[in-house]
Every structure is written in C-alpha cells, then in structure tokens.
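We use all heavy atoms of the structure for the numbers below, so side chains are in, but hydrogens, waters and symmetry mates are not. Given the structure is predicted, the values throughout are model-derived calculations rather than measurements.
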Amino acid sequence: MLDTLRVSDAEVYALLMEEQQRQSRCLRLIPSENYASAAVMEATGSWLTNKYAEGYPHKRYYEGQQITDRIETLAQDRAKALFGADHANVQPYSGSVANLAAYAAFAQPGETIMGLSLPFGGHLTHGWKVSATGRFFKAIQYTLDDQGRLDYDQIEDLARQHRPKVIVSGATAYPRLIDFKAFADIAERVGAVHITDMAHIAGLVAGGAHPSPIPHAGAVTTTTHKSLRGPRGAMILCHSDHAAAIDKAVFPGLQGGPHMHTISAIAVALGEASTKSFAEYAHQIVKNARRLAEKLIEYGFDLVSGGTDNHLILIDLRNKNLPGKKLSQALDRANIVTNYNTIPNDPAKPFNPSGLRLGTPAVTTRGMKEEQMDAIAGFIHRVAEYVDDESAIARIGAEVAEFCAGFTVPPMFIDRGD
Ligand SMILES: *Cc1c(COP(=O)(O)O)cnc(C)c1O
C-alpha cells in the first residue's frame, strides 16, 4: 500500500514517513494516544473504504452487504463478549459523536444532563458550554473536592437539585478509580440514566486492570483508539432495554453511512484485546504509571490527588513556577510528547494552565517497564530544570531518541522485504 503511495504521491508519502519516524523517535506520553498494530492499520486501509452500508446488519438501505453484515456482526459479538455487554453499537465515528448520541437516546433537546466540568478533567462532550452537548442540552457540571477527587455527595446534591435525565461518569484527565456503583445509585435515586464514558480506560477495563462500568451503567460509550489500541472510532455498549434507542440515536439520529473500514479494524482490535497478552499489557500500563508517579514525586513534582490508580498522571506545576505550556513545549523539543492541562481549581487561565498531563499506554505498547519509567521521570526532571537552556534541551532530546531506539514500534505496514 505504501509502495503505491510512494509512486503516486511522493509529497504525502514523505510526510507519512516523517510522522512514522517522529512516532518512533519520541517518548509519546499523551495518555489518549497509542500505537495501533500493523494488523489494525491494514484493516483500516482496506476495500471497505469503498462501501456504503447505511443501516444495521440485515437492515440496510443499500445492496451489496454480503460481507459488511458479517463484519459488523463480528465486531458487535467481539465487543459484547469482551466487555460482557448485552448490546454493542460499533458505528459511532468517534467518541464525541458517541456521547451526543447516547445523550440524545435518553434526553430531549433542552433537557438536563450532568457531567464532570472540563477544567476539572471532564471531556468537552460532557456538557461544556462551547460543545453541542452544552448548547443543545441544559448541562449541569460537577467538580472535584480539594484533594482532586470525585465528591459523590456534591454529585448527589446537584442531581437532587436539578433532576437530570442523564448523569455521565468518566473523564479525560482523572488519575483515580471511578466508583461506577456510586454513580448508578445516585442516578437511580433521581430517576436518571447513568452513562459511563470509558474512552480513556477502555483498554484497562478490557484487560481487567480497572473495574468495569458495564454492570452499573445504562449505556457505556468509548473510543476505540486510546488504551484499547484500535483504529480511531467509538462504540456504545448497553443493556438490551436501551438497544433500540441507542441504535436509533446513532443512525439515523446523527450519522449516515458507517465507516465499515474502521469497523473491520475495531473487530481486529477487539480480537487482540481478548488475549492474555493484552491483559498483561493493561496491567503493565497501570504498573508503569504508578512507578512514573512515584519517581516524579521523588523529583519534587506535585501530582493532583497525590498519585494515580490508572494510566494517567496530572502534574500540578505551581511549586515549580513553571506554566504547563512552557514545560510541554520544552519537553516536545526534547522528544517527549505530553500535553498541558488545567488542574482542579486552576488559578491560571485555561489557555495557559498550571498542569501537565501524561500517561503510559503508548510507551507500554513499546515494551517499556518500570525501569524505563525511572529513566523517563529523570528526563522530565532534567527538562524542567533546564527549561530555558536550548543546548541542554537538545542534548536531552538526542538521549531520548537513542533511548527510544531500543524499543520497537508496530510497523506501519508489513515489510515485504523490498
Ligand atoms: C477522547 C475522549 C472523547 C472523544 O473522543 P474523540 O474520538 O476525540 O471524539 C470523549 N470522551 C472522553 C472521556 C475522551 O477522553
């Protein structure tokens, strides 16, 4: 495939090769990123790119669905088996659409939904004001306590006061376990549907390294490209009671033709995620994050909530007198890729917040273990110490690239030896 591209479009080919090199040269610590396998990427680029399949298996609006029906059913069956769900919709184009669809299944426009506020670690699509989820619904936002933890009493008080149709659990920058049962109990007491967005932790849940929300949520949304290590896409898992409403909200409610090439790659990723080696991978992600957190604390970094239970770490940089953006940009120049982030109750402005977010799914895919986490913490510490010294940053960057060279990344495509 890439051989054809090299000949037909040298310009795009060259850019893709540069990106492949960047991904292998850098320590990729953005907690929502990963390295999909070559098999997942091959499936993503197949003949299914050419196929329209509006509708669901055996209920399509176009002919020629002999193979697509089997592929989508296979993806659904694998999702249900892996997560223990009654029903799976594998069509959402991405996590954002999956969330909007899940809310639309249970709430009318203008009705109330409730989710974690963005600057406290919630996702845009948990009802933040600039998102359609905050504009089309009346969004109530809960926050965190002074320790940076979910405050279930506050959530219950808000729920009793505002009587939302939907309560969302799940986050994009929360380093601790989430008590899905507590959310379910609150939702039940106020007559709301509990929806969990497990986008970040889906791979941990699949591998048994994080409690599953499935028994406690009316519907569970997830992306497939983060810790689950599949193609860019999403799924909604739900109880059979809610299957019809969820399916209708996705198609025809929000989407047209499903991305069958992505759905085939989701099936591949779910197959990979059902293996023993993936379960080991999921547990190693958590062990690595814990070790990285311990070492960062030894270097004097303050961590929001004091550590991590999952794949993610949020550094509060105020004691270092270093804005998140300044550090994340210096780290990027040193081949360490993270993102700046707000911290709970951030005194700084959102475009220049006080935090740095990092995580271990991608480096764990490369085979890195606790020993490498010690080295990574050391690199981060040195960049923070020498943040204004460009020659020091360049030296660290060269060391990082050499360090990374010892760890393979999944090849973009199978090497045919030419
Ligand atoms: C990444 C993420 C999403 C959105 O996924 P996209 O595929 O980027 O649209 C939704 N919710 C959470 C919690 C996320 O982390």
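The pair Arg382-Glu399 meets the salt-bridge criterion, with a side-chain N (NZ, NE, NH1 or NH2) lying under 4.0 Å from an Asp/Glu carboxylate O. Residues Glu298 and Lys295 are paired through a salt bridge, judged by an N-O separation under 4.0 Å between the basic side chain and the carboxylate. Checked for salt-bridge contact, Asp157 and Arg160 miss the test: no charged N lies under 4.0 Å from a carboxylate O. Salt-bridge formation is detected for the pair Glu156/Arg189: a Lys NZ or Arg NE/NH1/NH2 atom is positioned less than 4.0 Å from an Asp or Glu carboxylate oxygen. For the pair Lys276 and Glu280, the salt-bridge criterion is met [side-chain N within less than 4.0 Å of a carboxylate O]. A salt bridge between Arg318 and Asp316 is present, with a side-chain N of the basic residue lying under 4.0 Å from a carboxylate O of the acidic one. The pair Asp309-Arg290 does not meet the salt-bridge criterion, since no charged nitrogen lies less than 4.0 angstrom from a carboxylate oxygen.
At least one donor-acceptor pair closer than 3.5 Å links the side chain of Thr342 to the backbone N or O of Pro119. Proximity of a side-chain donor or acceptor of Tyr386 to a complementary backbone N or O of Ile396 within less than 3.5 Å is not detected. No donor-acceptor pair under 3.5 Å is formed between the side chain of Arg78 and the backbone N or O of Ala269. The main-chain N or O of Leu74 is never found under 3.5 Å from a side-chain atom of Asp77 such that the two would form a donor-acceptor pair. Between the Asn288 side chain and the Met368 main chain, a donor and an acceptor come within less than 3.5 Å of each other. Listed for the Arg357 side chain is no donor-acceptor partner under 3.5 Å among the backbone atoms of Ile313.
For Thr365 and Asn34, the side-chain atoms include at least one donor-acceptor pair closer than 3.5 Å. Asn99 and Thr125 share a side-chain donor-acceptor pair at under 3.5 Å. A donor-acceptor pair shorter than 3.5 Å can be found between the side chains of Thr196 and Ser169. Counted by atom type alone, Gln284 and Glu370 present one or more donor-acceptor pairs between their side chains at under 3.5 Å. Donor-acceptor pairing under 3.5 Å is lacking for the side chains of Thr133 and His126. A donor-acceptor contact closer than 3.5 angstrom is absent between the side chains of Arg232 and Ser94. In this model, no donor atom of one side chain and acceptor atom of the other lie less than 3.5 Å apart for Asp86 and His242. At a cut-off of 3.5 Å, with distance as the only test, a side-chain donor of Ser305 or Arg176 sits close to an acceptor on the other residue. Arg229 and Tyr35 form no side-chain donor-acceptor contact under 3.5 Å, judged by distance and modelled atom types alone.
With ring centers used as reference points, Tyr152 lies under 6.0 Å from Phe183. Taking the centre of each ring, His239 and His87 stay at or above the 6.0 Å mark.
Exactly one of Ile315, Thr308, Asp302 qualifies for a side-chain contact (heavy atoms from CB on, under 4.5 Å) with Leu296. That residue is Ile315. The side-chain contact (heavy atoms from CB on, under 4.5 Å) with Asp151 is formed by just one residue from the set Asp145, Thr143, Leu144; it is Asp145.
Note that Lys320 lies in the cation-pi zone of Phe301, set by a 6.0 Å cut-off to the ring centre and a 45° limit from the axis.
Aromatic ring orientation, His200 versus His311: tilted (interplanar angle from 30° to 60°).
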* Asked: Hey, mind stepping through Tyr299 and His381 against ring pair (Phe, Tyr, Trp, His ring centres under 6.0 Å) and telling me if it holds?
  -> CA-CA 7 Å; Tyr299 283 117; His381 166 67; 4.4 Å; yes
* To do: Determine, stepwise, if the pair Phe120 / Tyr174 fulfils ring pair (Phe, Tyr, Trp, His ring centres under 6.0 Å).
  => CA-CA 8 Å; Phe120 287 81; Tyr174 187 68; over 10 Å; no
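With sequence neighbours left out, the side-chain contact (heavy atoms from CB on, under 4.5 Å) criterion links Ser212 to Val205, Ile214, Pro215.
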